[in-house]
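Being a predicted model, the structure only gives us computed values, none of them experimental. Proteins come first, then strands; the chains are lettered A, B, ... in the order of their sequence lines, and each starts at number 1.
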Protein chains: 2
Amino acid sequence: MTETALSGFCCADHSGASSVEAILSQAEALAKARGLRLTPVRRRTLEILLDAHGALGAYDVLERLAADGFGAQPPVAYRALNFLVDHGLAHRIRRLNAFTACAHPQHDHRAAFLICETCASVTEAAADEIGPALQKAADAAGFTLDRATIEAVGQCSACQEARA
Amino acid sequence: MTETALSGFCCADHSGASSVEAILSQAEALAKARGLRLTPVRRRTLEILLDAHGALGAYDVLERLAADGFGAQPPVAYRALNFLVDHGLAHRIRRLNAFTACAHPQHDHRAAFLICETCASVTEAAADEIGPALQKAADAAGFTLDRATIEAVGQCSACQEARA
DNA sequence: GTTAACTTGTTACTGTATAACATGCAAGGT
DNA sequence: ACCTTGCATGTTATACAGTAACAAGTTAAC
Ligand SMILES: [Zn+2]
Ligand SMILES: [Zn+2]
Ligand SMILES: [Zn+2]
Ligand SMILES: [Zn+2]
């Protein structure tokens with residue numbers, strides 16, 4: 001199994017060429033600005049994540065990359081995914097052992113993820129208010145905060161309505 | 001919260017019989033109150049987590065269990081660990097693929113974890129302020145929040161001082 | 001004491017991620 | 001242009017994490 005993303009189920013359509021293209025070109029601009037090399041595998045990997053509804057496991061990504069003529073071994077996918085994550089173009093969802101494209105790569109943001117238990121969709125939410133609260137908790141423990149993973153589990157709005 | 005917090009490794013000794021024993025007997029009382037069966041493997045698993053500095057992987061736990069004469073196969077460890085997690089006696093640290101004893105099992109708490117990059121210690125912090133902030137973010141997305149994983153990465157106070 | 005539910009143990013397997021090494025490519029110095 | 005140096009991609013092989021399915025033993029309820 002392991003097809004983590006469910007097509008056409010979760011949400012409002014975010015697969016329109018416009019938004020994928022828009023994010024892709026943002027990513028390209030960003031890479032250029034930072035002197036990063038958005039090579040074919042990496043770019044294609046980002047595209048794959050953008051096309052997917054929800055998050056994709058590394059092996060799902062690998063399958064698609066291999067189908068496109070790239071390498072078929074796990075490191076190929078993991079390297080591309082880690083590159084994207086390291087540079088803020090994608091996020092790793094630890095609860096799902098999966099990855100998702102960043103919805104707004106231009107910001108240096110601290111994101112929280114809302115994971116629907118019903119449809120497995122993953123929504124990236126701004127964590128602006130969460131940061132300070134976490135900071136405060138860290139301070140209380142004398143802990144110097146670097147970065148954080150925030151993953152919430154529940155029901156997305158579409159699935160709630162469907163259930164009603 | 002009068003807990004003798006189980007804060008990790010580089011810190012003051014927390015392996016003294018007193019705090020381990022204290023938490024263990026809290027766990028026992030709690031199990032009794034809730035009609036749970038804290039069987040030998042489960043109890044020993046909790047002990048192992050309490051004795052450990054930092055979080056332990058399932059296979060580390062398994063090794064110790066096997067050494068104590070319990071089963072030597074993965075399900076033995078996973079079942080005991082999942083039991084403890086399900087009943088709030090331990091927590092799963094997803095970033096580390098590891099488990100840690102709950103520092104204050106008596107509360108129905110939403111915890112955040114502070115993971116030190118230097119010494120790998122894991123400190124359980126109260127997440128009282130984080131909950132509402134996350135709730136707000138979820139509301140904005142029409143998402144019904146169930147539970148959340150909050151894991152921060154940085155430097156614990158001991159390691160900072162050591163580095164200075 | 002029989003039944004039903006749960007707990008422990010097993011074997012076997014699936015899924016996730018990395019190590020180590022070879023080859024290829026691209027930028028920078030001479 | 002040529003060489004060097006570092007980075008990217010690809011490979012094989014292996015390590016690490018987690019679960020399914022079944023058998024046998026326990027515990028609690030009736
Ligand atoms: Zn993002
Ligand atoms: Zn949903
Ligand atoms: Zn806890
Ligand atoms: Zn530390």
Of the nucleotides [options], which one has an atom closest to the side chain of [X]?
{"X": "B/N97", "options": "C/dA17, D/dA8, D/dA17", "result": "D/dA17"}
{"X": "B/R42", "options": "D/dG10, C/dT7, C/dA17", "result": "C/dT7"}
{"X": "B/R79", "options": "C/dT8, D/dG18, D/dA8", "result": "C/dT8"}
{"X": "A/F70", "options": "D/dC7, C/dA17, D/dG10", "result": "D/dG10"}

Rounded to whole Å, please give me the gap between [atom1] in [X] and [atom2] in [N].
{"X": "A/Y78", "N": "D/dA15", "atom1": "OH", "atom2": "P", "answer": "17 Å"}
{"X": "A/F83", "N": "C/dT18", "atom1": "CZ", "atom2": "P", "answer": "17 Å"}
{"X": "A/L81", "N": "C/dT16", "atom1": "CG", "atom2": "C1'", "answer": "12 Å"}
{"X": "B/L36", "N": "C/dA5", "atom1": "CG", "atom2": "P", "answer": "19 Å"}
{"X": "B/N82", "N": "D/dG18", "atom1": "CG", "atom2": "P", "answer": "9 Å"}
{"X": "A/H87", "N": "D/dC7", "atom1": "NE2", "atom2": "P", "answer": "12 Å"}
{"X": "A/D68", "N": "D/dT9", "atom1": "CG", "atom2": "P", "answer": "15 Å"}
{"X": "B/L56", "N": "D/dG18", "atom1": "CG", "atom2": "C1'", "answer": "17 Å"}

Aromatic A/F83 / basic A/R42 pairing, under 6.0 angstrom, 45° off normal: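 Satisfied, under 6.0 Å and within 45°.
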B/E124 side chain to B/A103 backbone, donor-acceptor under 3.5 Å: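 Such a contact is found between B/E124 side chain and B/A103 backbone.
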Heavy-atom donor-acceptor pair, A/E151 side chain to A/R95 backbone, under 3.5 Å: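 A pair under 3.5 Å: yes.
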Sugar-phosphate, base or nothing in reach of A/R94, heavy atoms under 4.0 Å: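 Since no nucleic acid heavy atom lies under 4.0 Å of A/R94, the category is nothing.
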Residues A/T149 and B/R94: side-chain donor-acceptor under 3.5 angstrom: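 A/T149 vs B/R94: no donor-acceptor pair found between side chains.
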Kindly say if [X] contacts the phosphate of [N], meaning a side-chain N or O under 4.0 Å from OP1 or OP2.
{"X": "A/R37", "N": "C/dC25", "value": "no"}
{"X": "A/R92", "N": "C/dA17", "value": "yes"}
{"X": "A/Q73", "N": "D/dT11", "value": "yes"}

No-H, no-angle donor-acceptor pair, B/Y59 side chain to D/dA15 base, under 3.5 Å: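 It does not, because no donor-acceptor pair links the side chain of B/Y59 to the base of D/dA15 below 3.5 Å.
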Given DNA chain D, 5'-ward residue of the pair B/P75 and A/G71, judged by closest heavy atom: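 Looking at the nearest nucleotide for each, A/G71 comes out on the 5' side.
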Rounded distance (nearest 0.5 Å) linking atom CG of B/L56 with atom CZ of B/R64: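 Between atom CG of B/L56 and atom CZ of B/R64 there are 5.0 Å.
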